[in-house]
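The first residue in the sequence is number 1, and the count goes up from there.
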Amino acid sequence: ADSWIIVSAHYDHLPPRDSGDDRVYNGANDDASGVAAMLEVAAVVRDARPKRSVLFIAFTAEEAGLHGSRWYADHPLVPLARTIAHINLECLGVPTEGRTMKITGLTLTDLAGTIAREAKQAGTGVIEDARSETFFRLSDNASLADKGVPAVTVAGAFEYPNLHQTSDEWPTLDYNLFASFANVISRATLAIAASPTVPQWREDNRATSRYVKAWRELHSSGGHE
């Protein structure tokens with residue numbers, strides 16, 4: 001119970017436009033869908049009473065440069081050395097390729113493999129995207145990864161027509177879709193919480209060297225299991 005999994009989403013968006021008939025960036029998909037899914041996952045995890053602890057965080061200032069998650073990474077509520085995984089949720093309500101999800105940093109950790117396995121068992125696929133590692137640096141997972149915590153962001157789409165537009169509004173969302181994604185994240189979170197082993201960076205991937213170094217520094221004073 002003294003080891004932790006973080007499930008997060010960001011609740012901020014861009015400030016209003018200076019002019020125009022539609023000035024407000026509602027951010028229904030980016031990232032109210034992620035926040036809604038996070039709350040549903042929290043309800044499932046609460047009732048399941050997992051062996052490991054799960055911390056749910058809604059970050060602010062993601063759009064301004066990940067400021068909220070970076071602040072948390074520098075001032076954690078629970079020790080980062082005992083934080084075994086971070087699953088961040090973004091843009092879950094608009095699919096671009098069937099009813100599949102995407103994972104940033106897909107090849108960087110075995111955490112992504114756990115989510116992909118649960119997605120397959122739940123009847124939802126994970127599609128590989130060549131931009132996976134590029135988008136890894138653009139969401140709140142990067143803040144925890146930079147400290148050495150195995151972290152990913154799960155999304156329905158990395159890009160979509162209403163991204164960062166005032167037209168990102170609730171009627172454009174597929175609610176059944178992100179409900180199914182919330183189910184997958186719930187399953188994956190509980191699987192990680194029940195596992196005697198913890199997620200690891202894939203050291204066979206040269207792109208993980210900075211994160212492996214940070215992980216070793218984080219745990220240099222002792223174990224985390």
Side-chain angles (χ1 to χ4, degrees), residues 7-17 20-44 56-66 68-69 86-107 111-112 115-142 151-189:
V7 179
S8 72
H10 74 87
Y11 67 89
D12 66 306
H13 210 295
L14 304 174
R17 286 178 171 172
D21 294 334
D22 187 357
R23 299 178 54 221
V24 177
Y25 291 90
N26 297 285
N29 194 44
D30 182 17
D31 189 30
S33 67
V35 174
M38 181 189 72
L39 294 173
E40 289 301 310
V41 174
V44 172
F56 294 90
I57 308 177
F59 291 122
T60 190
E62 190 264 5
E63 300 289 2
L66 315 186
S69 56
H86 175 206
I87 302 174
N88 185 56
L89 308 179
E90 277 250 36
C91 302
L92 296 176
V94 178
T96 54
E97 297 171 75
R99 304 187 71 79
T100 57
M101 58 173 53
K102 296 184 178 183
I103 302 176
T104 67
L106 186 63
T107 63
L111 175 60
I115 297 171
R117 183 178 65 249
E118 294 300 326
K120 183 178 180 179
Q121 293 179 358
T124 302
V126 171
I127 190 166
E128 295 187 22
D129 191 307
R131 303 167 297 172
S132 170
E133 293 182 17
T134 298
F135 279 92
F136 185 80
R137 298 299 312 167
L138 300 180
S139 195
D140 287 316
N141 63 274
V152 295
T153 288
V154 178
F158 292 155
E159 295 179 303
Y160 59 98
N162 295 323
L163 179 65
H164 294 170
Q165 304 295 319
T166 57
S167 54
D168 187 356
E169 299 178 335
W170 69 266
T172 67
L173 303 188
D174 182 333
Y175 291 88
N176 289 329
L177 178 76
F178 74 82
S180 69
F181 288 168
N183 175 48
V184 171
I185 301 306
S186 298
R187 293 169 60 112
T189 301

- Message: Side chains of T60 and D12: any donor to acceptor distance under 3.5 Å?
- Response: no
- Item | With sequence neighbours excluded, residues passing side chain to side chain donor-acceptor pair (under 3.5 Å) with R23 | none
- Item | Listed partners of S69 passing side chain to side chain donor-acceptor pair (under 3.5 Å), at least two apart | D140, S143
- Task: Under the ring pair (Phe, Tyr, Trp, His ring centres under 6.0 Å) rule, collect the residues that match up with F158, sequence neighbours excluded.
- Result: F135
- Item | Considering all heavy atoms, the nearest S132-L106 contact | OG-N, 2.9 Å
- Please, which pairs that meet salt bridge (Lys or Arg N to Asp or Glu O under 4.0 Å) have at least one residue in residues 163-180, sequence neighbours excluded? R99-D174
- Heavy atoms, side chains only, cut-off 4.5 Å: are T189 and V7 in contact? yes
- Pairing residues for T107 by the side-chain contact (heavy atoms from CB on, under 4.5 Å) criterion, not counting sequence neighbours: E133, R202, N205
- Judged by atom type as modelled, is there a donor-acceptor pair below 3.5 Å linking the side chain of T166 to the main-chain atoms of Y25? no
- Which of parallel (below 30°), tilted (30 to 60°) and perpendicular (above 60°) describes H164 and H13? perpendicular
- Item | Partners passing salt bridge (charged side-chain N to carboxylate O under 4.0 Å, His left out) against R131 (at least two apart in sequence or in another chain) | D129, E159
- Apply side chain to side chain donor-acceptor pair (under 3.5 Å) to E90 and list each qualifying residue two or more places apart in sequence or on a separate chain. H10, S139
- Task: Verify, without hydrogens or angle tests, whether T104 (side chain) and T153 (backbone) share a donor-acceptor contact under 3.5 angstrom.
- Result: yes
- A61 to G68 - nearest heavy-atom pair and separation: CB-N, 3.9 Å
Distance-only donor-acceptor pairs under 3.5 Å for side chains of residues 32-43, two or more places apart:
residue : atom : partner : partner atom : Å
S33     : OG   : N29     : O            : 2.7
S33     : OG   : N29     : OD1          : 3.3
S33     : OG   : L92     : N            : 2.9

- Looking at side-chain heavy atoms only, is the closest gap between N141 and V152 below 4.5 Å? no
- Listed by chain and number, what are the ring pair (Phe, Tyr, Trp, His ring centres under 6.0 Å) partners of F178, not counting sequence neighbours? Y175
- What's the shortest heavy-atom distance between T134 and L138, and which atoms? O-CG, 3.8 Å
- List for me each residue that meets side-chain contact (heavy atoms from CB on, under 4.5 Å) alongside A122, sequence neighbours excluded, and say none if there are none. N183, V184, R187
- Item | Heavy-atom closest contact (V126 atom, A119 atom, distance) | CG2-CB, 3.9 Å
- Distance from D31 atom CG to N88 atom CG, nearest 0.5 Å? 7.0 Å
- Task: With sequence neighbours left out, write down each residue that passes side-chain contact (heavy atoms from CB on, under 4.5 Å) with V44, or none if nothing qualifies.
- Result: S186, L190
- Message: Which residues pass the ring pair (Phe, Tyr, Trp, His ring centres under 6.0 Å) test with Y160, not counting sequence neighbours?
- Response: none
